[in-house]
Structures are given as C-alpha cells and as structure tokens.
Amino acid sequence: NAKMNMGTVRFYPGAILGCNFTTGNNSMSGFQFGITGMLSLNEKWGVLSELKYMQRFKKDSRIQDNYTQNPQPTLAPGGGTIYRYNNVERYINYATVSSVELPIAVNYSANRFNFFGGANLAYNFGINIEEEQRETEQFTAPIYSVNEMTSTSARLSSAPTLKGDDFGPRVSLGYLLGAAYQVSPAFKLDLRVAQNLTDNAKTTGAKRISKELYSSPSLQLNLNYRF
C-alpha cells in the first residue's frame, strides 16, 4: 500500500465508490465516487478527507407550486356580485440532483472497525427543470359591498412562489457520522449518514428548495480502496 511517512504520522491515499439514498417526501437514490486521504496520527486516531462527485436521481420527481389567477367581479345569477377566479396547478419536474462534496472527519480505529464523524462541505450544482401547468375548475367568492372589491381581488390573487433561479447552485455545510469495517489491508466498507444543515440560499423560493431537496439525511454505503 502507498503511504508517506512524516515521523509517526502517515498519509494513505485511496479511492471511494458507493451508492446513496435520501429519505423524506422527495426521496432519491444515486451513486458517488472520488478520491480519499487518511492522515494517520497514531494506531488509534486519524483524520479522514474525501473529494467526491455525488448524483441522485428519481423518475418523475416534481414539486407542486399552485397559484390563482384572473380574479374578476361578475354579476351573480340571483343578483349581487361575485368573484370568479382560476386555480392553476403548476408542477416543476426534475430528474437529477448532483454535487461535489468534501467531508473532513476524525477517525478512530479499533481492530478492524473504524468510527468517524465530522463536517461535510458540498457544492450543489444547479438543477435542470421543466415546468408544466394547467388551469383547473373556476371558483367563486361573494362580494357583499363595493368597498370589498379591491380587498377581495388582492386576497384571491396569487403568483408562483418558485422561479428558475431558485433551483440554481448553492454551497451547503452539514455533518457526517459513520462506521467502517476493514475487509483487508486495501479494502474497507463503510456505512454513513450525512445531512446538510445550512446553505447560502437567499430567496424564499430557494430556501424552500433547500429544505425539500437538500436537507434530508443521506444514507451512504461505500467501498474504499487504499492505494
């Protein structure tokens, strides 16, 4: 196995390949691969770092963003005035979510077992989206006086809350915890959970996307190879 000696400190480079699963309403699955480095401080303790590409996908993934439009006053059949307005069903479809991640963790070794925990920095690429919408049934709301017309129109009107820019790239920071089993001097299997805790989303729509697509815990199973 390749290693660099710095007194009692040793550095072991390697590679990683695995699969991942996210939970929640927008659950997805995918794969990851990249390079790794273990800085061994002594027989028990070390610092683990990785640089890897991750991709998650799910067929027919979508986010719903309904709104109403065209509230117009009109005469009711029996007299008086009512508002008629359309409810618009809006869906934003996407297929994949991808990122480059840089976890840094403290590693503790006990015989063939390893336990690690630390921080996970991620750059999430922008998401390719397709939009579809359709008008559904007309709804009505009564107006009891002329003075209510303006307030009723404002109350019934709404606009889409999500824009294309809300699906743009972002940087996130979270944690990871995991355990590994040393199958051989060169190969190791690990199971870990990682979760984003915060990111640089600014708008209300972007924060909604962060919450629905990026904040769910990710369960990862990896095969590690030490050079």
Side-chain angles (χ1 to χ4, degrees), residues 20-30 54-101 120-174 194-219:
N20 63 76
F21 312 89
T22 58
T23 60
N25 294 332
N26 294 293
S27 61
M28 307 183 78
S29 60
M54 298 191 66
Q55 182 163 305
R56 304 176 179 92
F57 43 86
K58 182 180 178 181
K59 186 178 180 181
D60 299 327
S61 297
R62 57 170 45 181
I63 294 178
Q64 193 167 2
D65 185 34
N66 294 350
Y67 64 98
T68 59
Q69 67 176 8
N70 300 327
Q72 296 293 332
T74 185
L75 293 177
T81 305
I82 60 174
Y83 259 100
R84 294 189 180 277
Y85 61 98
N86 297 323
N87 186 45
V88 179
E89 289 186 356
R90 181 177 185 240
Y91 297 95
I92 299 175
N93 304 313
Y94 61 96
T96 61
V97 176
S98 56
S99 61
V100 172
E101 302 196 359
N120 190 59
L121 179 67
Y123 176 82
N124 302 285
F125 295 100
I127 302 174
N128 294 323
I129 60 172
E130 293 183 357
E131 180 182 337
E132 63 175 287
Q133 62 181 31
R134 63 177 182 270
E135 294 184 5
T136 59
E137 178 182 359
Q138 274 196 339
F139 294 86
T140 60
I143 300 175
Y144 299 103
S145 68
V146 175
N147 293 332
E148 288 185 324
M149 291 179 64
T150 301
S151 61
T152 303
S153 177
R155 177 168 53 84
L156 296 179
S157 298
S158 67
T161 61
L162 296 176
K163 301 178 180 179
D165 291 343
D166 296 329
F167 293 83
R170 68 203 66 204
V171 177
S172 58
L173 179 65
Q195 184 177 17
N196 294 332
L197 299 178
T198 184
D199 62 29
N200 62 340
K202 301 297 183 183
T203 66
T204 301
K207 291 178 181 178
R208 177 185 170 187
I209 297 305
S210 293
K211 181 179 180 180
E212 295 192 16
L213 299 186
Y214 296 111
S215 64
S216 297
S218 172
L219 185 65

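Since this is a predicted model, take the numbers as computed values, not measurements.
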For the student: nearest non-hydrogen atoms of Ala95 and Met28, plus distance: O-CE, 3.8 Å
Measure the spacing between CD1 of Ile92 and CD of Glu132 and express it to the nearest 0.5 Å. 10.5 Å
Check Tyr214 against Phe125 and note the closest heavy-atom contact, atom names and distance. OH-O, 3.7 Å
Any idea which heavy atoms bring Val88 and Gln133 closest together, and the distance? CG1-CB, 4.0 Å
Would you kindly say whether Arg170 and Ser210 are connected by a side-chain donor-acceptor distance under 3.5 Å? yes
For Asp165, look at atom CG and say whether over 12 heavy atoms of other residues, nucleotides or ligands are found less than 6.0 Å away. no
Checking the side chain of Asn20 only, and the main-chain atoms of Ser218 only, is there a donor and an acceptor separated by less than 3.5 Å? no
Check whether any side-chain N or O of Asn66 sits under 3.5 Å from a backbone N or O of Arg90 as a donor-acceptor pair, and report yes or no. yes
Let's go through Thr96 and Asn128 carefully: what are the C-alpha distance in whole Å and the side-chain angles of both, what is the deciding distance for side-chain contact (heavy atoms from CB on, under 4.5 Å) to 0.1 Å, and is it a yes or a no? CA-CA 8 Å; Thr96 61; Asn128 294 323; 5.8 Å; no
Phe57 versus Gly30, closest heavy-atom pair with distance: CE2-CA, 3.7 Å
Is the shortest heavy-atom distance from the side chain of Asn196 to the side chain of Ser215 under 4.5 Å? no
Minimum side-chain heavy-atom gap Tyr67-Thr161 below 4.5 Å: no
Would you mind reporting whether Asn124 and Ser172 have side-chain heavy atoms less than 4.5 Å apart? yes
Would you check if Ile63 and Phe167 make a side-chain contact, meaning some heavy-atom pair closer than 4.5 Å? yes
Gap between atom OG of Ser99 and atom CG of Leu121 - 0.5 Å precision: 10.5 Å
Hey, are Thr203 and Asp166 close enough side-chain-wise for a donor-acceptor pair under 3.5 Å? yes
Heavy atoms from other residues, nucleotides or ligands near CD of Glu130 exceed 12 (cutoff 6.0 Å): no
Partners of Pro169 by side chain to side chain contact (heavy atoms under 4.5 Å, CB included), sequence neighbours excluded? Tyr123
Ion pair Arg56/Glu101, N-O distance below 4.0 Å: yes
Ser216 side chain vs Thr23 backbone, donor-acceptor pair below 3.5 Å: yes
Val97 versus Ile127: any side-chain heavy-atom pair under 4.5 Å? yes
Determine which pairs satisfy salt bridge (charged side-chain N to carboxylate O under 4.0 Å, His left out) with at least one residue from residues 200-217, sequence neighbours left out, and list them in order. Asp65-Arg208, Arg208-Glu212
d(Thr204 OG1, Ile209 CD1) to nearest 0.5 Å is 12.0 Å
